[in-house]
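The chains referred to below are lettered A, B, ... by the order of the sequence lines, with proteins before strands, and numbering in each begins at 1.
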Amino acid sequence: EDKVVQSPLSLVVHEGDTVTLNCSYEVTNFRSLLWYKQEKKAPTFLFMLTSSGIEKKSGRLSSILDKKELFSILNITATQTGDSAVYLCAAPNNNDMRFGAGTRLTVKP
Amino acid sequence: NAGVTQTPKFQVLKTGQSMTLQCAQDMNHEYMSWYRQDPGMGLRLIHYSVGAGITDQGEVPNGYNVSRSTTEDFPLRLLSAAPSQTSVYFCASSPRVSWGEAFFGQGTRLTVV
């Protein structure tokens with residue numbers, strides 16, 4: 001059965017810390033892995049990864065995919081209170097998108 | 001810039017009632033989908049559509065119907081609401097294929113009593 005597993009489920013850090021969020025996946029017909037940030041309401045898109053070893057970066061956030069080991073990581077450096085959110089990863093199997101349960105990140109001042 | 005618009009934002013139903021959650025997008029996206037989000041379970045796909053006139057089931061379709069008569073609209077119908085359908089529902093759309101970036105509506109919080 002296709003599945004996406006995220007770890008840890010929750011994480012509490014202080015401003016300035018660096019965090020690493022993990023996502024492992026098992027989907028047939030793998031095409032891409034996506035990361036989203038969800039604050040109060042709708043998830044918003046962060047990254048889409050399709051190739052191993054190529055790091056995607058956006059400011060303090062970066063992500064990389066390992067297609068051999070079937071996982072991805074999302075790094076956030078110099079965390080800020082505004083980074084507090086649930087981070088979701090997802091992997092589609094044809095037209096069926098599978099999401100992980102999410103990692104709830106809390107950044108304390 | 002409307003994007004994906006969902007209505008209503010909140011709804012309380014009695015067991016056995018029916019209702020329709022509305023979803024509209026103005027980005028001319030082919031792919032649209034409905035998810036439910038429950039605590040600790042992430043987002044689960046209910047139904048999706050790859051274009052007008054075409055719909056298919058996702059991971060948790062039971063108790064829900066959809067239709068796609070136009071590119072813009074993708075309503076979700078609850079036929080006979082049950083307490084197990086208490087959840088937050090999100091509609092999403094993507095430009096061409098299901099495996100790219102999705103744009104989400106603001107969600108509908110549904111409570112069935």
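- Per-residue counts of heavy-atom pairs under 4.5 Å with chain A were compared for B:Ala102, B:Ser33, B:Gly107; the largest is that of B:Ala102.
- Side-chain heavy atoms closer than 4.5 Å link hydrophobic residues (I, L, V, M, F, W, Y) into clusters, and following such links, even through other members, never connects B:Leu45 to A:Leu33.
- Note on A:Phe30: it clusters hydrophobically with A:Leu74, by side-chain heavy-atom contacts below 4.5 Å among ILVMFWY residues.
- Applying the 6.0 Å contact sphere to CZ of B:Arg109 captures no more than 12 heavy atoms from other residues, nucleotides or ligands.
- Of the listed residues (B:Gln57, B:Gln37, B:Gln6), the greatest number of heavy-atom pairs within a distance under 4.5 Å of chain A belongs to B:Gln37.
- Contact annotation for A:Arg98: only side-chain heavy atoms (C-beta onward) come within less than 4.5 Å of a heavy atom of chain B.
- Neither the backbone nor the side chain of B:Ala92 comes within contact range of chain A; no heavy atoms are under 4.5 Å apart.
- By the rule that hydrophobic residues join a cluster once side-chain heavy atoms approach within less than 4.5 Å of another member, A:Phe45 and B:Tyr31 end up as members of one cluster.
- With a 4.5 angstrom heavy-atom cutoff, A:Gln38 touches chain B only via side-chain atoms.
- The OG1 atom of A:Thr44 sits 9.5 Å away from the CD atom of B:Glu101 when rounded to the nearest 0.5 Å.
- When heavy atoms are compared at a cutoff of 4.5 Å, A:Phe47 does not approach chain B at all.
- Pairing each heavy atom of A:Ala42 with each of B:Gly105, the nearest pair is CB-O, 3.0 Å.
- B:Tyr35 is listed as a side-chain neighbour of A:Met97, based on a closest heavy-atom distance under 4.5 Å.
- A single hydrophobic cluster is seen to contain both A:Leu49 and A:Leu61, as judged by linkage of ILVMFWY side chains at heavy-atom distances under 4.5 Å, directly or through other members.
- A:Val4 and A:Leu70 end up in the same hydrophobic cluster when Ile, Leu, Val, Met, Phe, Trp and Tyr side chains are linked at under 4.5 Å.
- In terms of heavy-atom pairs under 4.5 angstrom with chain B, the leader among A:Gln6, A:Arg104, A:Lys41 is A:Lys41.
- Contact record, A:Pro43 with B:Leu43: CG-CD1, 4.0 Å, taken as the closest heavy-atom pair.
- Looking at B:Val4, neither its backbone nor its side chain comes within 4.5 Å of chain A, counting heavy atoms on both sides.
- Interface summary for chain A: among B:Phe104, B:Phe90, B:Phe103, the most heavy-atom pairs under 4.5 angstrom belong to B:Phe104.
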